[in-house]
Amino acid sequence: MKKILFVLTIFVALASNATEYESHNFKNGLEAIEKKDFRGALDFLKKEVADNPKNGYAYFWLASISMYNDKFHSEIENRGDVFKFALNMSDALNYYRDALKYIPKNDREYRSKAYNQRSELYLFMRDTISALDDLSASIKILPQNPEVFKARANIYFSQGKIKLADADYNKIISINPNDVVGYMGIGRNRIAQGKWDEAIEKFNRVEKIDPNYSYVYLLRAESYIGKKDYEKAADDLISALKKDDKDAYYTIFKFDKDVIAKVIEKVKAESEKSPNDSKWPMCNAIIHDQIGEYKEAIKYNQQAYKIEPSVPVLDMLSKQYLRDFQWENSLSCVERLLESDPHDLKKIFLKAYLLKGLGRPQEAIPLMNEYLAENNNDALCFYLRGGANAQLGNYDDAIEDLTTAIDLNPTYAHSYLMRGDMYKKKNKDSYANSDYNKVLSLEAPSKNYCCSYFACLGLGDTTKAIEIMEDVLKRNPTLWGNNYDAACLYSRMNRNSEALLYLETAIKMGYKSHLRFDFDYYFDDFRKRADFKALSDKYKDLMREDDF
């Protein structure tokens, strides 16, 4: 939304040039834009071109507004997306054509903007030839506008035309020797060529001009990595983190473990120097989260939360607890988050998911209902509600939810599998078999099996079920999920010693939740056995959650 308003603010300032047209509709159209009433502006401006078909400025405004999809305006503000193009691109192109036809030749600023803005539309359409033509036309009209050179240089860079990109970046520097983008662009080009020292020289220049420009530290870090100077690379990443550059976290994970280890070490040192600054334990929490070390991530986020309780830390903790199978703690975090914003649908969904996973479907379903009232096209939520109803023995409701999930996402094999299981429980074998066969038809072409072994079991083909399961285990023997599935499969086949073996293997590989096998319906008969209970008891202490 910020970029839309920024663009419109610039163009409103240009509107004073359009003195030839003082009509009621044109004035009202511009006023509506200033008020962010884009629908109203479109109505007024369409009336204007009907009355004054040679008003190039009205076409320009129609084109500008048409570049943004009307229905996205509220979503842009909520989601943080900055630039959404309209689906009616042909309308926008026609408006630009007429704008450039009728805007006076001597109005260089408006004409240059029209070419420049249309180039963005062409880029969205992946027509780089037309985009370059428009940018070149814009430059010809106003040859001292650095923004247009930046846009053209970016296209040249994406095409691998480094010399042409360099020429445009050098032009930016000649227009304004303190414009960091010119040096940054040339530095990026040198990275692409593997000329690390030349890149670093450009980035050093940027740092002198604007030491608060955090992105320079990220690219210079990349250059130091190219030179295998991991110490300086880590220092630059820390400099970016000090300036609260969120991109620094993602840049870190482009590099190998040696760089990550050095950054973690330096973040710890910063934390020791500033023990009351929650930023540093948060940094380490994010880094450990991204490399899958959730216990470490949780430890650092707990430190950050003790220093300064905040919603972002609590939000991260809720997800990290979930990934580490500490679902009770995750639920506790989500409930606290909902206290501050009880209408946050993402958190309502997460709470419902956790409650279902904790074996509390009767509490999960009302929350799923609340979520689906606002998101009735979410196939995953219908699938989960189907699972919750299955847990409660509400098989008809489960079938209805799973049918809706399939209508919304007909390629998700698990929905057919669970619906087949529900039909089986209702003794509707022909319907069940149809769903099991659908699972096989979805997964067989790619052999990317996720639940075909269960479908084969449902069809009574135990030989094929074992064959597929063994193939999956052979290809990915160290995934706990595959071993858990094997335990479920062998449990249903009453091959209990094998089921126990695979279940214990899954736990040793990282499966930390006793919650699912406490109520997973694949273990309904197996759960009654003493040896199953002994295994469950053996590992419950190991999988116990730490209170938060």
Side-chain angles (χ1 to χ4, degrees), residues 294 315 317-339 342-406 408-409 412-425 450-451 454 480-481 484-485 487-488 491 503 506 511-524 526-527 536 540 543-545 548:
Y294 302 125
D315 189 33
L317 272 169
S318 71
K319 294 167 185 171
Q320 287 156 358
Y321 281 130
L322 174 63
R323 294 179 193 129
D324 197 49
F325 292 94
Q326 298 188 40
W327 286 20
E328 290 284 4
N329 282 339
S330 182
L331 179 62
S332 175
C333 291
V334 171
E335 286 174 338
R336 285 192 235 177
L337 289 165
L338 283 169
E339 286 174 9
H343 303 295
D344 186 332
L345 288 173
K346 288 182 180 178
K347 297 297 177 292
I348 289 170
F349 176 85
L350 181 53
K351 183 177 178 181
Y353 177 84
L354 288 164
L355 287 168
K356 177 187 175 296
L358 288 164
R360 293 155 63 181
Q362 68 280 4
E363 297 172 65
I365 288 174
L367 292 169
M368 292 175 181
N369 295 342
E370 184 179 350
Y371 176 83
L372 288 169
E374 299 292 330
N375 295 276
N376 62 1
N377 61 348
D378 191 322
L380 177 59
C381 193
F382 279 107
Y383 169 78
L384 291 171
R385 194 171 70 178
N389 275 311
Q391 285 174 261
L392 291 169
N394 300 331
Y395 301 137
D396 288 326
D397 290 339
I399 288 168
E400 184 178 342
D401 279 336
L402 293 164
T403 300
T404 304
I406 288 166
L408 292 168
N409 183 3
Y412 189 54
H414 285 83
S415 295
Y416 294 97
L417 177 69
M418 191 187 296
R419 192 174 68 173
D421 289 343
M422 295 303 101
Y423 281 133
K424 199 87 167 176
K425 287 181 179 294
C450 293
C451 54
F454 293 129
W480 66 257
Y484 181 84
D485 279 358
C488 292
S491 166
L503 185 54
Y511 179 65
K512 302 171 186 176
S513 178
H514 62 82
L515 300 166
R516 276 178 64 188
F517 61 74
D518 273 351
F519 56 79
D520 194 323
Y521 65 79
Y522 274 61
F523 290 137
D524 279 351
F526 192 30
R527 195 177 293 111
S536 179
K540 275 188 180 180
M543 297 183 285
R544 182 181 58 81
E545 300 183 24
F548 170 63

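For Cys450, the side-chain contact (heavy atoms from CB on, under 4.5 Å) test picks out His414, Glu443, with sequence neighbours left out. For Asp397, there are no salt bridge (Lys or Arg N to Asp or Glu O under 4.0 Å) partners two or more places apart in sequence or in a different chain. Glu363 pairs by the side-chain hydrogen bond (donor to acceptor under 3.5 Å, both in side chains) definition with Arg360, not counting sequence neighbours. Here Ala379 pairs with Leu408, Asn409 under the side-chain contact (heavy atoms from CB on, under 4.5 Å) rule; sequence neighbours left out.
Side-chain contact between Ile348 and Val334: absent, with no pair of heavy atoms (C-beta onward) separated by less than 4.5 Å. No side-chain heavy atom of Gln320 sits less than 4.5 Å from a side-chain heavy atom of Asp324. In this structure, the side chains of Pro361 and Asn389 stay at 4.5 Å or more apart for every pair of heavy atoms. Counting heavy atoms from C-beta outward, Leu392 and Ile365 have side chains that approach closer than 4.5 Å. Residues Phe382 and Ile406 have side chains not in contact (no heavy-atom distance under 4.5 Å, counting atoms from C-beta outward).
Counting only distance, with no hydrogens or angles, the side chain of Thr403 and the backbone of Ile399 share a donor-acceptor pair below 3.5 Å.
For residues 373-383, the side chain to side chain donor-acceptor pair (under 3.5 Å) pairs, not counting sequence neighbours, are Tyr371-Asp378. Among residue pairs with one or both ends in residues 343-353, those qualifying as side chain to side chain donor-acceptor pair (under 3.5 Å) are Asp315-Lys347; sequence neighbours excluded.
Within the model, atoms CG of Leu350 and OG of Ser330 stand 5.0 Å from one another, a figure rounded to the nearest 0.5 Å. The structure places OH of Tyr412 at 10.0 Å from CG of Leu417, a figure rounded to the nearest 0.5 Å.
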